[in-house]
Protein chains: 2
Amino acid sequence: MLKASNSEAEYAIYAAVKLKNCPIKVVMGVLGKKWTVLILREIALHKIGRFNQLCRSIPELTPRVLIMRLHELEKCGIIQAVIVKDKPRFVRWTITEKGHDVIPILMSIIAFGAKWYADEVFEDHRPRTINELYPELNSPR
Amino acid sequence: MLKASNSEAEYAIYAAVKLKNCPIKVVMGVLGKKWTVLILREIALHKIGRFNQLCRSIPELTPRVLIMRLHELEKCGIIQAVIVKDKPRFVRWTITEKGHDVIPILMSIIAFGAKWYADEVFEDHRPRTINELYPELNSPR
DNA sequence: TTAAATAGATATCCTAAGTATACTAGTATC
DNA sequence: GATACTAGTATACTTAGGATATCTATTTAA
């Protein structure tokens with residue numbers, strides 16, 4: 001475990017790097033709204049890309065907010081709407097290259113949850129590491 | 001870079017692990033509210049722990065919401081109020097061991113922002129890796 | 001000694017974000 | 001012809017968060 005006492009600011013951004021804005025603030029402007037991260041979980045991790053599938057896999061989320069979040073994520077280039085068929089409209093929401101880079105964020109959230117919320121997350125209540133949950137991350141294809 | 005095409009679900013949670021709830025959902029219930037992550041950035045990364053210091057370092061955040069978030073984070077054990085002095089009350093909000101484990105989440109958010117939002121984040125607009133920003137992460141003390 | 005500034009919060013009001021419920025159009029299936 | 005699927009919309013309502021002012025207690029400065 002890391003000790004905080006070694007330095008005033010444990011993690012200090014490299015002094016020569018001039019920041020205009022905090023990256024966390026900027027990213028949270030994009031990912032910080034309610035449901036956004038859960039929608040990305042479905043699209044990026046579970047490969048669920050259809051509107052009604054998303055409605056079903058996140059039942060508390062209403063279609064109104066879902067379409068708002070999808071359009072927001074599309075606008076900022078994290079997902080894209082692939083028109084499978086027109087009339088009737090069939091859309092598949094997929095992740096972009098940029099969206100692919102949010103997966104490490106999702107993984108760090110899962111790691112935190114698997115360690116500290118094992119009671120609510122796992123049926124056997126046993127905390128797990130991210131490597132236990134995703135063994136393929138150790139031996140990449 | 002990872003390729004998505006190799007498998008239906010690129011990241012599949014190990015089949016034998018029985019989930020009660022999705023860890024992302026559970027964690028977002030704790031960290032998902034507006035301002036929470038930014039407050040944790042200040043406390044965990046910048047070691048800003050005083051109420052009025054937090055007010056000043058996040059000017060758009062009102063005291064009302066700040067105290068709500070601090071109490072929420074305290075309740076779930078991510079931060080704790082260290083009473084520096086009683087009458088008048090002097091409090092230092094510090095991170096707990098559990099709170100320490102949210103730092104990887106913050107770091108993955110910073111990494112994403114430093115790569116994809118360089119324009120808004122850095123004065124020179126040049127994307128950076130997390131190792132460029134935090135060289136000490138490569139050579140831990 | 002009185003005012004100003006600091007600390008850590010609260011209270012009130014009001015708007016913006018999100019929720020509930022129902023509904024749309026177009027097509028396929030029973 | 002009824003039902004159910006697709007991908008969304010519309011309207012009304014509730015709650016979370018923002019704006020602003022205030023609170024108690026203490027220290028500092030004039």
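Note that these values count all heavy atoms, side chains included, but never hydrogens, waters or copies made by symmetry. Proteins get letters first, then strands, A, B, ... in listed order; numbering begins at 1 in each.
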- Message: Under 4.0 Å, heavy atom to any atom of DNA chain C: which of residues 23-42 of chain B qualify?
- Response: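 DNA chain C contact set from residues 23-42 of chain B: none.
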
- Message: If we ignore hydrogens and angles and just use 3.5 Å, is the side chain of Lys33(A) paired with the main-chain N or O of Val30(A) as donor and acceptor?
- Response: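 Looks like no, no N/O pair under 3.5 Å.
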
Sequence neighbours excluded, which residues qualify as salt bridge (Lys or Arg N to Asp or Glu O under 4.0 Å) partners of [X]?
X: Glu60(A); result: Lys25(B)
X: Arg128(B); result: Asp124(B)
X: Arg126(B); result: Glu132(B)

Expressed as a whole number of angstroms, how long is the span from [X]:[atom1] to [N]:[atom2]?
X: Leu61(B); N: dA9(C); atom1: CG; atom2: C1'; answer: 13 Å
X: Met68(A); N: dG18(C); atom1: CE; atom2: P; answer: 6 Å
X: Glu60(B); N: dT20(D); atom1: CD; atom2: C1'; answer: 17 Å
X: Ile58(A); N: dT19(C); atom1: CD1; atom2: P; answer: 11 Å

- Item | Any pair counted as side chain to side chain donor-acceptor pair (under 3.5 Å), so long as it reaches residues 61-81 of chain A, sequence neighbours left out | Arg69(A)-Glu72(A)

- Query: Which residue pairs satisfy the side chain to side chain donor-acceptor pair (under 3.5 Å) criterion with at least one member in residues 104-116 of chain B, sequence neighbours excluded?
  - Reply: Asp101(A)-Lys115(B), Asp101(A)-Trp116(B), Ser108(A)-Ser108(B)

- Task: Nearest-nucleotide wise, let me know which of Lys85(A) and Thr62(A) is further upstream toward the 5' end of DNA chain C.
- Result: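 Its nearest nucleotide being more 5', the pick is Thr62(A).
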
- Listed by chain and number, what are the side chain to side chain contact (heavy atoms under 4.5 Å, CB included) partners of Asn21(B), not counting sequence neighbours?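 Asn21(B): side chain to side chain contact (heavy atoms under 4.5 Å, CB included) contacts with Glu120(A), Val26(B).
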
- Taken in chain and number order and not counting sequence neighbours, the residues that satisfy side chain to side chain contact (heavy atoms under 4.5 Å, CB included) with Ala118(B) are Phe122(B), Pro127(B)

- Take nucleotides 5-12 of chain D nucleotide by nucleotide from the 5' end and write B, S or -, depending on whether a protein heavy atom sits under 4.0 Å from the base, only from the sugar-phosphate, or from neither. -BBBB-B-

